[in-house]
Amino acid sequence: MTPGAAHDPLRALFTDLLRNPAVSRQLGDMISDQDVRLPGSPGQSPWTGAFLPNIPLLVDGRRIGAVNLPRSGRIQLLLLDPATAADLEKAAAPWQKAVDVVHAEAEIPLPFTALLLRPDGYLAWTGDGPAADGRELERVLDSLLGRRVPAP
């Protein structure tokens, strides 16, 4: 960023590097802190603590990117598999005042069938495969939000 010909070779090098999509993405993630991994509990999915990439989704018949999910400042339970959705939605019901449930369909194959998305875009929990466990979701919600309140 210093003007002058002395830094022209460095500027040229970065110009070439930024033409590479992988380098550009890595630098963008570093600048925006999206490469930060939050600590998780042992045994959790490797996705837990990661920033949710902008995956393409189908929500209420509309194609959107994950970054365009409605943001209410609340935790979102994103349900991607109709086979596990009812059980997970039931497990999250006691926290309905703090958790928004979003039924979605991923347009690309994903390694999870549900996820708990913090308001800052980081994953607090992922339900991996058809065995997405409502008890584990309850444990995570208890940890994040405190003891559950009986549903009305």
Side-chain angles (χ1 to χ4, degrees), residues 1 14-152:
M1 297 178 85
F14 266 85
T15 299
D16 287 342
L17 286 172
L18 288 171
R19 287 190 180 113
N20 180 324
V23 172
S24 182
R25 183 173 32 260
Q26 182 176 359
L27 288 173
D29 287 350
M30 288 171 61
I31 291 167
S32 66
D33 274 346
Q34 292 180 15
D35 66 334
V36 170
R37 295 291 298 226
L38 301 176
S41 299
Q44 287 184 334
S45 163
W47 283 88
T48 302
F51 192 83
L52 178 65
N54 191 24
I55 55 176
L57 300 169
L58 192 61
V59 178
D60 295 328
R62 294 183 357 256
R63 295 180 78 184
I64 64 170
V67 297
N68 295 319
L69 286 167
R71 300 294 175 142
S72 61
R74 295 160 36 110
I75 291 174
Q76 292 183 321
L77 175 60
L78 194 58
L79 301 172
L80 302 167
D81 181 9
T84 59
D87 288 338
L88 294 174
E89 191 166 3
K90 183 178 177 184
W95 292 275
Q96 65 187 359
K97 291 183 178 180
V99 177
D100 293 330
V101 176
V102 178
H103 294 267
E105 185 178 326
E107 295 190 1
I108 59 172
L110 297 174
F112 40 77
T113 58
L115 56 88
L116 199 60
L117 183 62
R118 296 169 19 144
D120 61 4
Y122 286 86
L123 298 172
W125 171 85
T126 61
D128 299 330
D133 186 359
R135 289 177 309 221
E136 179 65 15
L137 174 60
E138 289 175 358
R139 187 192 67 70
V140 170
L141 286 168
D142 253 357
S143 171
L144 289 172
L145 301 171
R147 293 279 175 218
R148 58 186 156 173
V149 178

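Quick note: residue numbers are just sequence positions, from 1. Just so we're clear, the structure is a prediction, and the values are computed from it rather than from any experiment.
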*Let me see the working for Leu137 and Leu77 under side chain to side chain contact (heavy atoms under 4.5 Å, CB included), right down to the final yes or no.*
CA-CA 10 Å; Leu137 174 60; Leu77 175 60; 3.9 Å; yes
*For Arg135 and Glu138, what are the C-alpha separation, side-chain angles and deciding distance, and is it a salt bridge (charged side-chain N to carboxylate O under 4.0 Å, His left out)?*
CA-CA 5 Å; Arg135 289 177 309 221; Glu138 289 175 358; over 6 Å; no
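Taken from CD1 in Ile75 to CH2 in Trp95, the straight-line distance is 10.5 Å, to the nearest 0.5 Å. The distance from atom CG of Leu117 to atom CZ of Arg74, rounded to the nearest 0.5 Å, is 13.0 Å. With rounding to the nearest 0.5 angstrom, the CG atom of Leu52 is 6.0 Å from the CG atom of Leu115. Annotation: the span from His103 atom NE2 to Leu58 atom CG amounts to 13.5 Å, rounded to 0.5 Å. Interatomic distance, CG of Leu78 versus CG of Leu110, reported as 9.0 Å (0.5 Å rounding).
For Glu105, the salt bridge (charged side-chain N to carboxylate O under 4.0 Å, His left out) criterion is met by no residue, not counting sequence neighbours.
Residue pairs that meet the side-chain hydrogen bond (donor to acceptor under 3.5 Å, both in side chains) test with at least one member in residues 52-68, sequence neighbours left out, are Arg63-Glu107.
Nearest heavy-atom pair, Leu80 versus Ala106, reported as atom, atom and distance to 0.1 Å: CD2-N, 4.2 Å. Among all heavy-atom pairs drawn from Leu79 and Ala85, the shortest one is CD1-O, 3.7 Å. In this structure, Pro119 and Gly73 approach most closely via the heavy-atom pair CG-O, 3.5 Å. In terms of heavy atoms, Ala124 sits closest to Val140 at O-CG1, 3.8 Å. Scanning both residues, Ala66 and Pro53, for their nearest heavy atoms gives CB-O, 3.7 Å.
Under the 4.5 Å side-chain criterion, counting only non-hydrogen atoms from C-beta, Asp16 is in contact with Arg19. You'll find the side chain of Leu69 reaches within 4.5 Å of the side chain of Ile64, heavy atoms only. The shortest distance between side-chain heavy atoms of Leu145 and Val99 falls below 4.5 Å.
Evaluated for a side chain to side chain contact (heavy atoms under 4.5 Å, CB included) with Leu116, the options Thr126, Leu144, Leu88 yield exactly one hit, Leu144.
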